[in-house]
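Let me begin by presenting the structure, written as structure tokens, before commenting on it.
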Amino acid sequence: RLERYVSCPFSFLLRDIFGLEAPDEPGDSLEMDALEFGTLAHEILQRAYQQVIDRGLGRDEAQAAVVAAWRECCADAEARGVTGATLSWEVRRELLLEDLLETVRRDPVFADLDSRPSAVEWRFGEVVDRPVTLDLDGGRVVRFAGRLDRVDVTPSGTRVIDYKSGSGGTERARLKDRLSVQLPVYRLALRQAWDGECGSIACLYRFVTRRGGLEDLPLPEDEGASTRRLADLVARAAALVEAGMFPRTTRQRCDCCDLRYACGVSAWTRARKREHDALGAVVALQSAAPEEDADA
């Protein structure tokens, strides 16, 4: 939600405060919804790697577990009627299996005998008695809750993996512009709430389909730098939310936004709004962090 506010305050207002969602379009879609597809990929990997953890499976056995989970999860998606047109789905489900098997084949956790997956869908937050907090200037404390797709234990420490099934353009842009919130929060959560020694904590996005190149995208900052930057982003975003700043202005493209139907503002208008002094703080929040912070 913090990342959504940084990208577009108006989208945050509609989705996270007013609770609006994209309207269902009549008729059958030719393809499975992107959110449903991502959930499917996550569920398959979660089931497979839970087997790896519970039974100590190696790479070949893990691939067999992926095939079994793929059959079960795809059958469930078909039963729920969320897979889109039959021909499109048949092609996409086979490509998904190929991609997930390749993801497991490339997984470095199987190449090192001293590395192993330790947890999947690891939850944190007060509701599960794993509080995670961030102290801001002025005595304010912000609490976080969420879940990590996977945590590996390695000889050098721990590794947090967040699966992504898309092309990764948004994640790459956020990391490049130093506006990422998700991975720094995950690192903070593991440091504060993990039951055991963490050592150094590496955080990365793992793109599990060919759209994203089947590659890993790590958080480039060290732990101290990422925590300082996170505190700055959170403090600035919280101040703007409390000030009621929810303008229709964004540094991102809007053509893929599910809520653009409710916006009603042209790209030209958004650009002009970004030039207004009243929105200077919002535009500054959406801009890349100063270079001197990177060297702090």
Side-chain angles (χ1 to χ4, degrees), residues 1-21 35 38 122-127 130-149 160 162-164 166 168-193 201 203-205 217 219-221 223-254 256-259 263 274 279-290 293-294:
R1 288 188 290 178
L2 279 166
E3 286 184 341
R4 180 153 45 238
Y5 183 86
V6 173
S7 295
C8 180
F10 188 65
S11 175
F12 174 90
L13 175 69
L14 296 183
R15 190 185 297 272
D16 298 295
I17 295 182
F18 293 159
L20 298 183
E21 296 291 344
L35 181 59
W122 184 79
R123 298 179 64 193
F124 62 91
E126 294 181 351
V127 70
R130 292 173 182 153
V132 175
T133 61
L134 180 65
D135 295 330
L136 305 180
D137 291 341
R140 181 169 188 169
V141 177
V142 176
R143 297 171 294 173
F144 293 99
R147 67 183 67 203
L148 313 184
D149 288 341
V160 177
D162 189 70
Y163 299 129
K164 296 296 181 185
T170 298
E171 290 78 17
R172 288 182 174 87
R174 283 174 177 159
L175 288 178
K176 178 183 177 182
D177 294 339
R178 304 178 64 235
L179 294 172
S180 171
V181 172
Q182 188 176 22
L183 293 184
V185 167
Y186 288 172
R187 176 181 266 166
L188 181 70
L190 203 67
R191 179 64 70 193
Q192 293 188 6
I201 302 174
C203 294
L204 59 91
Y205 293 119
L217 182 65
L219 179 66
E221 301 163 305
E223 189 168 354
S226 69
T227 301
R228 289 192 298 271
R229 184 177 57 77
L230 176 64
D232 177 67
L233 283 173
V234 171
R236 293 161 69 189
L240 289 168
V241 169
E242 291 177 342
M245 292 292 287
F246 304 107
R248 295 173 175 86
T249 181
T250 174
R251 63 190 302 273
Q252 307 291 336
R253 294 172 57 192
C254 299
C256 296
C257 178
D258 288 339
L259 298 175
C263 185
R274 290 176 63 80
L279 298 185
V282 175
V283 174
L285 177 66
Q286 295 173 335
S287 302
D293 290 351

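With rounding to the nearest 0.5 angstrom, the OH atom of Tyr186 is 6.5 Å from the CG atom of Asp149. Met245 contributes atom CE, which lies 12.5 Å from atom CG of Leu13 (distance to the nearest 0.5 angstrom). Interatomic distance, Ile17 CD1 to Phe246 CZ, rounded to the nearest 0.5 Å: 3.5 Å. Interatomic distance, CD1 of Ile201 versus CG of Leu183, reported as 12.0 Å (0.5 Å rounding). Between atom CZ of residue Phe10 and atom CZ of residue Phe18 there is a gap of 8.0 Å, rounded to the nearest 0.5 Å.
Between the side chain of Arg1 and the backbone N or O of Arg15, no donor-acceptor pair lies under 3.5 Å.
Under the side-chain contact (heavy atoms from CB on, under 4.5 Å) criterion, Arg172 pairs with Phe207, Glu215, Leu217, not counting sequence neighbours. Among residues two or more places apart in sequence or in another chain, the salt bridge (Lys or Arg N to Asp or Glu O under 4.0 Å) test is passed with Asp162 by Lys164. Under the salt bridge (Lys or Arg N to Asp or Glu O under 4.0 Å) criterion, Arg123 pairs with no residue at all, not counting sequence neighbours. For Glu223, the side chain to side chain donor-acceptor pair (under 3.5 Å) partners are Arg191, not counting sequence neighbours. Taking Val181 as the reference, Leu2, Glu3, Val185, Leu230, Leu233 meet the side-chain contact (heavy atoms from CB on, under 4.5 Å) condition, with sequence neighbours excluded.
Ion pairing between Asp232 and Arg228 fails under the 4.0 Å rule for side-chain N and carboxylate O.
Cys8 is not listed as a side-chain neighbour of Gln286, based on a closest heavy-atom distance of 4.5 Å or more. Between Phe12 and Leu240, the closest side-chain pair of non-hydrogen atoms is not below 4.5 Å. The shortest distance between side-chain heavy atoms of Trp122 and Leu190 falls below 4.5 Å. Under the 4.5 Å side-chain criterion, counting only non-hydrogen atoms from C-beta, Gln182 is not in contact with Glu171.
Across all non-hydrogen atoms, the minimal contact from Ser226 to Leu219 is CB-CD2, 4.1 Å. Shortest non-hydrogen contact noted between Pro9 and Pro247 is CB-CD, 3.6 Å. Between Leu285 and Leu179, the shortest heavy-atom distance links the atoms O-CD2, 3.4 Å. Of all non-hydrogen atoms in Leu136 and Ala231, the two that sit nearest each other are CD2-O, 3.6 Å. The two residues Arg229 and Ser180 have their closest heavy-atom pair at NH1-O, 2.8 Å.
Within the structure, salt bridge (Lys or Arg N to Asp or Glu O under 4.0 Å) contacts touching residues 180-190 (residues at least two apart or in different chains) do not occur.
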With side-chain contact (heavy atoms from CB on, under 4.5 Å) as the criterion, how do Tyr5 and Arg236 come out once you've worked through the C-alpha distance, each side chain's angles and the decisive distance to 0.1 Å? CA-CA 11 Å; Tyr5 183 86; Arg236 293 161 69 189; over 6 Å; no
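The number of heavy-atom neighbours closer than 6.0 Å to CG of Asp135, taken from other residues, nucleotides and ligands shown, is above 12.
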